Asker: 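First the structure, then my questions, so here it is.
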Amino acid sequence: LRSTPEQNAAVLLTLLVFFLAFMPIFWYAAPLIVWQKMPVFQSMFYSFFSVLHAYRAFLVYFLCWIVIGVLCPAILAGMLTLLIGKGLAMLLLFLLTIVLTVVLYCSFYPTYVDMFGIPDLPSGHEPDLS
């Protein structure tokens, strides 16, 4: 079966709508459950309204990640494919994707700290920086 460009656009639009509907609910839910000891639905409530409150910052955040994680790798993929061939270019892009995924996950913590402060960890869990 082949899909038409209209079907592809409809699928992408549907995924975007679901992402925009559910992302605010789950963005901070897990950290609030673990670090603030909130019940599940309360953490989802606080997560939703925290993201809604800072929607402009999240808009900038997501637009930056679209540039960093989608546009730059797409441009790089085209250039690498022309220069070194498709196989090696895909390998290098796979490695870049792993690095970008780690950086993306590391960027979640500062957004949490900005909204809710540094989490109180039980004693004995502080990192030894000496």
Side-chain angles (χ1 to χ4, degrees):
L1 289 177
R2 294 203 152 218
S3 60
T4 65
E6 293 82 17
Q7 289 172 325
N8 291 340
V11 168
L12 287 176
L13 184 60
T14 303
L15 289 174
L16 179 65
V17 167
F18 276 110
F19 175 76
L20 292 175
F22 289 104
M23 183 279 302
I25 295 170
F26 295 110
W27 189 262
Y28 294 122
L32 289 171
I33 291 168
V34 174
W35 290 328
Q36 302 292 332
K37 306 293 186 238
M38 284 187 188
V40 172
F41 292 110
Q42 182 182 4
S43 69
M44 291 165 63
F45 175 85
Y46 275 89
S47 177
F48 177 79
F49 284 104
S50 297
V51 172
L52 190 65
H53 176 72
Y55 75 92
R56 287 175 290 207
F58 275 95
L59 181 63
V60 170
Y61 178 82
F62 288 121
L63 291 175
C64 288
W65 272 108
I66 287 172
V67 170
I68 293 169
V70 177
L71 296 180
C72 288
I75 293 168
L76 185 63
M79 291 189 308
L80 286 175
T81 301
L82 290 174
L83 294 174
I84 60 175
K86 187 175 181 179
L88 189 55
M90 290 300 113
L91 175 65
L92 292 174
L93 287 171
F94 175 71
L95 297 174
L96 177 64
T97 302
I98 292 171
V99 170
L100 286 176
T101 302
V102 171
V103 172
L104 174 69
Y105 281 113
C106 290
S107 74
F108 295 166
Y109 181 75
T111 68
Y112 174 88
V113 169
D114 192 49
M115 295 298 270
F116 300 101
I118 297 173
D120 292 328
L121 298 175
S123 63
H125 287 84
E126 289 83 16
D128 182 19
L129 301 175
S130 59

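Worth saying up front: this structure is predicted, and the values here are computed from it rather than measured.
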Asker: Under 3.5 Å, side chain of S47 to main-chain N/O of M44, donor-acceptor pair present?
Answerer: no
Asker: Would I118 and Y109 count as a side-chain contact (heavy atoms from CB on, under 4.5 Å) if you check the C-alpha gap in whole Å, the side-chain angles of each, and the deciding distance to 0.1 Å?
Answerer: CA-CA 9 Å; I118 297 173; Y109 181 75; 4.0 Å; yes
Asker: Flag yes if V67 and V60 sit in one hydrophobic cluster, no otherwise; membership is Ile, Leu, Val, Met, Phe, Trp, Tyr, and two members link when side-chain heavy atoms are under 4.5 Å apart.
Answerer: no
Asker: Scan residues 93-106 for pairs that pass side chain to side chain donor-acceptor pair (under 3.5 Å), counting only residues two or more places apart or in two chains.
Answerer: none
Asker: With a 3.5 Å distance limit and no angle check, can you tell me whether Y28 reaches the backbone of V51 through a side-chain donor-acceptor pair?
Answerer: no
Asker: With a 4.5 Å limit on heavy-atom distance, are the side chains of P31 and F108 in contact?
Answerer: no
Asker: Does atom OH (Y46) have a neighbourhood of more than 12 heavy atoms from anything else shown, all under 6.0 Å?
Answerer: no
Asker: For a quick test of reading the model, state the closest non-hydrogen atom pair linking I68 to P73 and the distance between them.
Answerer: O-CD, 3.2 Å
Asker: What is the distance from atom CG of N8 to atom CG of L12, rounded to the nearest 0.5 Å?
Answerer: 6.5 Å
Asker: Is there a chain of hydrophobic side chains (I, L, V, M, F, W, Y, each step under 4.5 Å between heavy atoms) that links L52 to V17?
Answerer: no
Asker: Find out whether I33 and V40 are in side-chain contact, i.e. whether some heavy atom of one side chain is under 4.5 Å from a heavy atom of the other.
Answerer: yes
Asker: What I'd like to find out is whether the side chain of S107 reaches to under 4.5 Å of the side chain of W65, using heavy atoms alone.
Answerer: yes
Asker: For W35 and Y112, I'd like to know if the aromatic rings sit close, meaning centre-to-centre distance below 6.0 Å.
Answerer: yes
Asker: First locate atom CG of L80, then atom CD1 of I75, and finally report the distance between them rounded to the nearest 0.5 Å.
Answerer: 12.0 Å
Asker: Would you name the heavy atoms of S50 and M115 that are closest together and state the gap between them?
Answerer: O-CE, 2.9 Å
Asker: Hydrophobic clusters here meaning ILVMFWY residues chained together by side-chain heavy-atom distances under 4.5 Å, can you tell me if I98 and L91 are in one?
Answerer: no
Asker: Under a single-linkage definition using a 4.5 Å side-chain heavy-atom cutoff for Ile, Leu, Val, Met, Phe, Trp and Tyr, are V103 and I66 assigned to the same hydrophobic cluster?
Answerer: no
Asker: Run the ring-ring contact (aromatic ring centres under 6.0 Å, His included) test against F49 and tell me which residues pass, sequence neighbours left out.
Answerer: F45
Asker: What heavy-atom pair brings V113 and P119 nearest, and what distance separates the two atoms?
Answerer: CG2-CD, 4.5 Å
Asker: Dump the intermediate steps for side-chain contact (heavy atoms from CB on, under 4.5 Å) on V102 and V99, then the final yes or no.
Answerer: CA-CA 5 Å; V102 171; V99 170; 5.9 Å; no
Asker: Consider only side-chain heavy atoms of I, L, V, M, F, W and Y, link residues closer than 4.5 Å, and tell whether L104 and L71 are in one cluster.
Answerer: no
Asker: Measure the shortest side-chain to side-chain distance between F62 and M23 over non-hydrogen atoms and say whether it is less than 4.5 angstrom.
Answerer: yes
Asker: Is F22 atom CZ crowded by more than 12 heavy atoms from other residues, nucleotides or ligands, each under 6.0 Å away?
Answerer: no
Asker: Can you tell if the side chain of T111 reaches within under 4.5 Å of the side chain of D114, non-hydrogen atoms only?
Answerer: no
Asker: About how many Å separate CZ of F18 and CG of L13, when rounded to the nearest 0.5 Å?
Answerer: 11.0 Å
Asker: Which atom names give the shortest non-hydrogen contact between Q7 and R2, and what distance separates them?
Answerer: OE1-O, 4.1 Å
